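Note: hydrogens, waters and symmetry copies are ignored here, and every other heavy atom, side chains too, is used. Source: prediction; values computed, not measured. Quick note: residue numbers are just sequence positions, from 1.
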Amino acid sequence: MTDRPRPKAQIGIFGGSFNPIHVGHVALARQLRQLAKVDEVWLMVSPQNPLKQGSSDLLDDQLRYQMARLALHGEEGIYASDYELHLPKPSYTWNTLQRLRADYPDCEFTLLIGGDNWQLFPRWYHAADIMREHRIVVYPRRGSEIDTASLPANVQVVDTALLDISSTEIRQRVKQNESINACVPKVIEPLVRRLYV
């Protein structure tokens, strides 16, 4: 499910489709592990986002998970997780967090989300419950302003680097037979080229 869960750990949950995972995700996870002061970051490979229905180019769940595992091999304290792929759909973060707490009672889970998702947060399923029961760490996204003065006590904004790279751009580059060697970890580049052509 997750490569190496540890008991009694502070875990940061960094969810996404990772379609495909890229160097920006990995760099961000490294920064978030330090800035959010968590022992581990779990990249939670998600099925279809309930707020983003209708994506036709979403690669198979297990293929995205396997790519993330390969890309993170050797990264200290950062692991790919297919935990959410085994839960009932649609995939709601509240349900995932509830199940994680039941399965890993000695761990504390912090939600790591981008500024764009923070702006949408009031629309999330059980948003108030998530905020009441979990720490949330928000990282900046270009074009998503965050009013830090109005943040609840358990919501923290961290200053991570803004990396101008996206999975959408990578998929387009593959289709146009353009270079992606600076966009994805080298170990998965051949796989990305084959799967997204």
Side-chain angles (χ1 to χ4, degrees), residues 2-3 9-52 55 58 64-65 67-69 71-72 75-81 83-84 91-94 96-97 100 107-171 182-185:
T2 299
D3 290 346
Q10 296 284 337
I11 309 295
I13 299 298
F14 178 11
S17 59
F18 304 110
N19 188 40
I21 189 171
H22 55 64
V23 294
H25 292 132
V26 180
L28 184 56
R30 288 185 195 128
Q31 293 177 72
L32 288 170
R33 182 172 172 240
Q34 300 298 321
L35 295 170
K37 295 181 172 56
V38 292
D39 300 308
E40 298 176 357
V41 171
W42 293 1
L43 268 69
M44 188 71 66
V45 180
S46 303
Q48 182 69 58
N49 181 331
L51 295 178
K52 296 180 180 176
S55 175
L58 187 65
R64 290 182 289 117
Y65 167 61
M67 272 195 295
R69 281 193 70 194
L72 294 172
E75 286 287 337
E76 184 182 353
I78 306 172
Y79 304 103
S81 175
Y83 186 89
E84 200 164 59
S91 173
Y92 292 112
T93 299
W94 169 248
T96 302
L97 291 169
L100 283 168
C107 294
E108 289 187 17
F109 294 95
T110 295
L111 188 60
L112 311 173
I113 63 173
D116 51 344
N117 272 314
W118 176 247
Q119 289 181 334
L120 291 172
F121 195 76
R123 293 173 52 196
W124 284 31
Y125 181 67
H126 281 263
D129 293 322
I130 296 172
M131 206 168 340
R132 185 182 67 250
E133 297 189 17
H134 295 274
R135 186 168 68 112
I136 301 173
V137 172
V138 183
Y139 56 89
R141 293 292 299 266
R142 202 173 301 283
S144 300
E145 297 300 320
I146 304 166
D147 179 11
T148 54
S150 66
L151 293 176
N154 65 324
V155 179
Q156 172 190 3
V157 175
V158 292
D159 188 18
T160 57
L162 286 166
L163 298 165
D164 284 326
I165 181 169
S166 74
S167 297
T168 302
E169 177 191 351
I170 292 165
R171 295 194 302 271
C183 303
V184 298

If you measure from [atom1] on [X] to [atom2] on [Y], what distance do you get to the nearest 0.5 Å?
| X | Y | atom1 | atom2 | result |
| --- | --- | --- | --- | --- |
| Trp118 | Asp147 | CH2 | CG | 11.0 Å |
| Gln10 | Phe109 | CD | CZ | 10.0 Å |
| Tyr139 | Asn117 | OH | CG | 7.0 Å |
| Ile113 | Gln119 | CD1 | CD | 10.5 Å |
| Ile11 | Leu111 | CD1 | CG | 13.5 Å |
| Arg30 | Glu76 | CZ | CD | 11.0 Å |

Between [X] and [Y], which heavy-atom pair has the shortest distance, and what is it?
| X | Y | answer |
| --- | --- | --- |
| Val45 | Ala68 | CG2-CB, 4.2 Å |
| Ile21 | Ala71 | CG2-CB, 3.8 Å |
| Pro47 | Ser91 | CG-CB, 3.5 Å |

Legend entry - Over 12 non-hydrogen atoms of neighbours within 6.0 angstrom of CD in Glu75: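 For Glu75, atom CD is crowded (more than 12 foreign heavy atoms under 6.0 Å).
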Can you tell if the side chain of [X] reaches within under 4.5 Å of the side chain of [Y], non-hydrogen atoms only?
| X | Y | result |
| --- | --- | --- |
| Thr160 | Leu32 | yes |
| Phe121 | Val155 | no |
| His126 | Leu97 | no |
| Ile136 | Leu151 | no |
| Pro20 | Ser167 | yes |

Indicate yes or no for a side-chain donor-acceptor contact from [X] to the backbone of [Y] under 3.5 Å, with no hydrogens or angles considered.
| X | Y | value |
| --- | --- | --- |
| Asn154 | Met131 | yes |
| Glu84 | Thr96 | no |
| Arg33 | Ile78 | no |
| Arg135 | Ala36 | yes |
| Thr110 | Gly12 | no |

Legend entry - Pair Phe14 + Phe18: ring centers closer than 6.0 Å: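 Between Phe18 and Phe14, which both carry aromatic rings, the centre distance is below 6.0 Å.
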Legend entry - Partner of Ile13 by side-chain contact (heavy atoms from CB on, under 4.5 Å), out of Leu43, Leu100, Val41: Leu100
Inset, instruction - Take Arg64 and Leu58, measure what side chain to side chain contact (heavy atoms under 4.5 Å, CB included) needs, and give me the verdict at the end. - result: CA-CA 9 Å; Arg64 290 182 289 117; Leu58 187 65; 3.8 Å; yes
Legend entry - ring-ring contact (aromatic ring centres under 6.0 Å, His included) partners of His22, counting only residues at least two apart: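 His22 satisfies ring-ring contact (aromatic ring centres under 6.0 Å, His included) with His25 once adjacent residues are dropped.
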Inset, instruction - Check the pair Leu35 / Asp159 against side chain to side chain contact (heavy atoms under 4.5 Å, CB included), numbers first and verdict last. - result: CA-CA 8 Å; Leu35 295 170; Asp159 188 18; 5.6 Å; no
Inset, instruction - Check side chain to side chain contact (heavy atoms under 4.5 Å, CB included) between Ala128 and all other residues, then give those that pass, not counting sequence neighbours. - result: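 Residues passing side chain to side chain contact (heavy atoms under 4.5 Å, CB included) with Ala128: none at all.
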Inset, instruction - Go through the structure and list residues passing side chain to side chain contact (heavy atoms under 4.5 Å, CB included) with Asp164, not counting sequence neighbours. - result: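 Counting only residues at least two positions away or on another chain, Asp164 forms a side chain to side chain contact (heavy atoms under 4.5 Å, CB included) with Arg142.
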